[in-house]
Amino acid sequence: MDFISPEGLRLDGRRPLELRQLQAEIGVVEKADGSATFEMGNTKVIAVVYGPREVQSRSQQQHDQALVRCEYSMASFSTGDRRRRGKGDRRATELSLVIRQTMEAAILTNLLPRSQIDIFVQVLQADGGTRACCINAATLALADAGIPMRDIVASCAAGYLNSTPILDLNYLEDSGGGPDLTVALFPKLDKVSLLQMDSKIPLDVFEKVMNLASEGAKAVAQFIREKLMENTKQLVLAKGR
Amino acid sequence: MGEPMRRTHFRLSPSQKERLSQAQERCREAAGSVHASAFVNVGDTILVDYENGFLRGHGTQLVDGQLLATVCGVVERVNKLVSVRPLRARYNPETGDVVVGRITEVAPKRWKVDVNSRQDAQLMLSAVNLPGGIQRRRTATDELNMRDLFTENDLISAEVQTLHQDGSLHLHTRSLKYGKLENGHLVKVAPYLIKRLKQHFHQLKQYGVQLILGCNGYVWISAVPPSSSEMEIDQKPADSESRQPGAGTSEGQNVEITRDLRVRICRIANAVRVLGACGFMIHPDSIVDTYEASLSWGIEPRQMISGEFHVRVVEREAEQRSKKG
């Protein structure tokens, strides 16, 4: 299948190095400590953060750092074929773990001993790149909750189809069978927090795709920064004095 | 405009949305005295005078000699101390704060209290006044009868006694003004909207309503207790030792509250809710102001938590601010 037309356009009309349109909204759930939705094209994710709060089961309490928990789920209406997807299946368990580890690396857990932070992530619309989108939404929600972090985490996926590195795959490209990888990084500290790839590719190609994903993540980071700054300004200026 | 606003949790029609974002814009312009560099994001560099030295405060970290913010908020500088104050964070306790909390657990010799903090606060049995105000060592019998004082889900007002290194905090209710809260209405708002003041207990005599603005964002609204209407709540009467705790309310009894008073309490509560939703500072003046506005516009208490009232409150605030500036 041709994923890139002779004119150099992808199935959805993007260029190979183009991100999808980004959209985000902060503070979507009133009762939560922090919440956000994040959209990358047609992929839409909501993330909700509760905490830091008292640990629910005493045996899990850690006296020197916070306990971070994450629950990933997919709404049954998020894909074309309506299917009941719980939070218990293999994919969801793996993704919960990945998101938890990525966010835990960012949160300064040692500043919040004996407390617990819950991150709930749900995919509302799935169109490829849900992993990256979940991480971006979780970052926004954690920042909204005022939880101290080393740096924001920004994430983006990239793949290799028709001998071309391609940024931010959508569902069709994702299921095209080519290799794809997800990167999450700390833009200010210039460190990688997550790098996931499930297929084999030559090393020189990997480097290209990896660089492309990093560039994409940095662009996402810039967008996240702008959104957060807008939100902070709005809150401060509304308060006045 | 253009700038998307933070979601308000009232249903708004398109024209109301338009009016709201315009009013918010005017509010922002009027408050525009804050310098742009005062705002930081997570991971932003904070400008400091490296030559003369500085002290690293809360909300900051040092990476390769650079001072970075760890939360989104406003940079505050006190002499050499540089810190970042987050906005919508959980309650950050300080000794001496007045808080309103809910008992979550009765544990040996202590109560666990939810005060919207990073962990539940502890109220020791030795940090409460015994009924009758007798001063003595707490015995095993007292421990067994702890549920007579406060049980799970009771609301209390208390003061922060000490903060510990591990983030835990201890409360005390060793004053007549603190204790169990009954026959009233609790409203929760974001803690950053409540300023630390000398006075957190307020009596709005004109309405017969008492207000406790907990520093943790929990606001308690109730009728003025009959016994304290003659005296100032802060001045302890001479016979204070012999009276029961609980800010003068007769404990464990449901006091008859007239319909009129209930309506006034609801109106105050909704005024607090709307101010919280608008993100405006919450203090007695602003509450009374919103209350009076709702009366003069002829709005029922239940209509106060609708989109229209919300928009009008923001518009009114914008007008007031632009007049001042």
Side-chain angles (χ1 to χ4, degrees), chain A residues 23-37 51-55 61 63-64 66 106-108 111-117 139 142-153 186-189 221 224-241, chain B residues 3-9 24 27-34 36 38-45 58-59 61 63-64 66 68-74 84 86-90 92 104 112 114 116-120 165-168 188 190 192-193 195 277-281 314 317 321:
Chain A
Q23 270 184 49
E25 194 173 1
I26 302 176
V28 288
V29 178
E30 196 189 7
K31 289 280 179 262
D33 288 299
S35 58
T37 56
R53 60 179 174 186
E54 183 80 6
V55 180
Q61 195 180 56
H63 70 279
D64 57 344
I107 300 168
L108 295 164
L111 294 181
L112 311 160
R114 294 166 198 271
S115 50
Q116 163 180 335
I117 299 167
T139 309
L142 282 169
D144 183 36
I147 291 168
M149 290 192 283
R150 280 194 178 82
D151 195 355
I152 56 172
V153 196
F186 299 128
K188 182 80 184 184
L189 309 176
I224 291 178
R225 267 175 202 291
E226 279 164 20
K227 276 287 159 194
L228 283 175
M229 185 53 89
E230 211 174 82
N231 183 55
T232 314
K233 274 190 182 163
Q234 195 182 329
L235 287 174
V236 173
L237 295 179
K239 196 178 85 158
R241 290 176 293 279
Chain B
E3 235 172 272
M5 56 194 175
R6 203 186 159 82
R7 177 92 62 95
T8 54
H9 299 270
Q24 281 177 330
C27 270
R28 263 173 262 167
E29 277 164 15
S33 58
V34 192
F39 304 109
V40 282
N41 269 335
V42 175
D44 279 359
T45 317
H58 286 301
Q61 61 176 347
V63 176
D64 303 333
Q66 258 195 332
L68 304 183
T70 60
V71 289
C72 296
V74 191
V84 180
L87 287 156
R88 276 173 40 82
R90 288 236 156 185
N92 190 25
T104 56
K112 288 281 187 76
D114 161 37
N116 196 26
S117 182
R118 288 183 283 267
Q119 46 185 286
D120 283 357
Q165 200 57 50
D166 60 354
S168 66
K188 295 178 184 177
Y192 79 94
L193 296 174
K195 235 189 198 154
C278 299
F280 295 152
M281 288 297 278
V314 178
E317 177 76 16
R321 283 193 194 174

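By convention in this document, chain letters (A, B, ...) are assigned in the order of the sequence lines, proteins followed by strands, and residues within each chain are numbered from 1.
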Compare every heavy atom of [Y] with every heavy atom of [X], then report the nearest pair and how far apart it is.
X         : Y         : value
Cys72(B)  : Thr232(A) : CB-OG1, 3.8 Å
Arg150(A) : Gln61(B)  : O-NE2, 2.7 Å
Gly43(B)  : Asp151(A) : CA-OD1, 3.8 Å

Exercise for the section: Below 4.5 Å from any heavy atom of chain A, which atoms of Lys112(B) appear? Answer side chain, backbone, both or neither. Expected result: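 Side chain only.
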Problem - Segment of Thr45(B) engaging chain A (4.5 angstrom heavy-atom cut-off) - result: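 Contact with chain A involves both backbone and side-chain atoms of Thr45(B).
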Heavy-atom cut-off 4.5 Å, strictly under: side chain, backbone, both or neither for [X] against chain B?
X         : answer
Val29(A)  : backbone
Leu108(A) : side chain
Ile224(A) : neither

Exercise for the section: Count the heavy-atom pairs under 4.5 Å between each of Ser115(A), Ala106(A), Pro148(A), Ala66(A) and chain B, then report the option with the highest count. Expected result: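 Of Ser115(A), Ala106(A), Pro148(A), Ala66(A), Pro148(A) has the most heavy-atom pairs under 4.5 Å with chain B.
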Problem - Heavy-atom check, side chain of Arg88(B) versus side chain of Leu235(A), under 4.5 Å - result: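 In contact.
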Problem - side-chain contact (heavy atoms from CB on, under 4.5 Å) between Leu142(A) and Val42(B), intermediate numbers included - result: CA-CA 10 Å; Leu142(A) 282 169; Val42(B) 175; over 6 Å; no
Problem - Sequence-distant partners of Asn41(B), side-chain hydrogen bond (donor to acceptor under 3.5 Å, both in side chains), two or more places apart - result: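 Once residues adjacent in sequence are excluded, Asn41(B) has no partner under the side-chain hydrogen bond (donor to acceptor under 3.5 Å, both in side chains) criterion.
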Handout entry: Sequence-distant partners of Arg114(A), side-chain hydrogen bond (donor to acceptor under 3.5 Å, both in side chains), two or more places apart
Key =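 side-chain hydrogen bond (donor to acceptor under 3.5 Å, both in side chains) list for Arg114(A), sorted by chain: Asp166(B).
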Handout entry: Spacing of Lys188(A) atom NZ and Asp44(B) atom CG [to the nearest 0.5 Å]
Key =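 Here the interatomic distance stands at 6.5 Å.
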Handout entry: Value rounded to 0.5 Å, distance of CG in Leu237(A) from CZ in Phe39(B)
Key =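 Leu237(A) atom CG to Phe39(B) atom CZ measures 4.5 Å (nearest 0.5 Å).
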Between [options], the one whose heavy-atom pairs under 4.5 Å with chain A are most numerous:
options                                   : result
Pro86(B), Cys278(B), Gly279(B), Ser168(B) : Gly279(B)
Lys188(B), Arg118(B), His58(B), Gln66(B)  : Arg118(B)
Gly167(B), Ala89(B), Ala190(B)            : Ala89(B)

Exercise for the section: Look at Arg53(A) together with Asp114(B) and state whether they make a salt bridge at an N to O cut-off of under 4.0 Å. Expected result: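 Asp114(B) and Arg53(A): not salt-bridged.
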Problem - Polar side-chain atom of Gln119(B) near backbone of Pro113(A) as donor-acceptor pair, under 3.5 Å - result: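 Yes: the side chain of Gln119(B) pairs with the backbone of Pro113(A).
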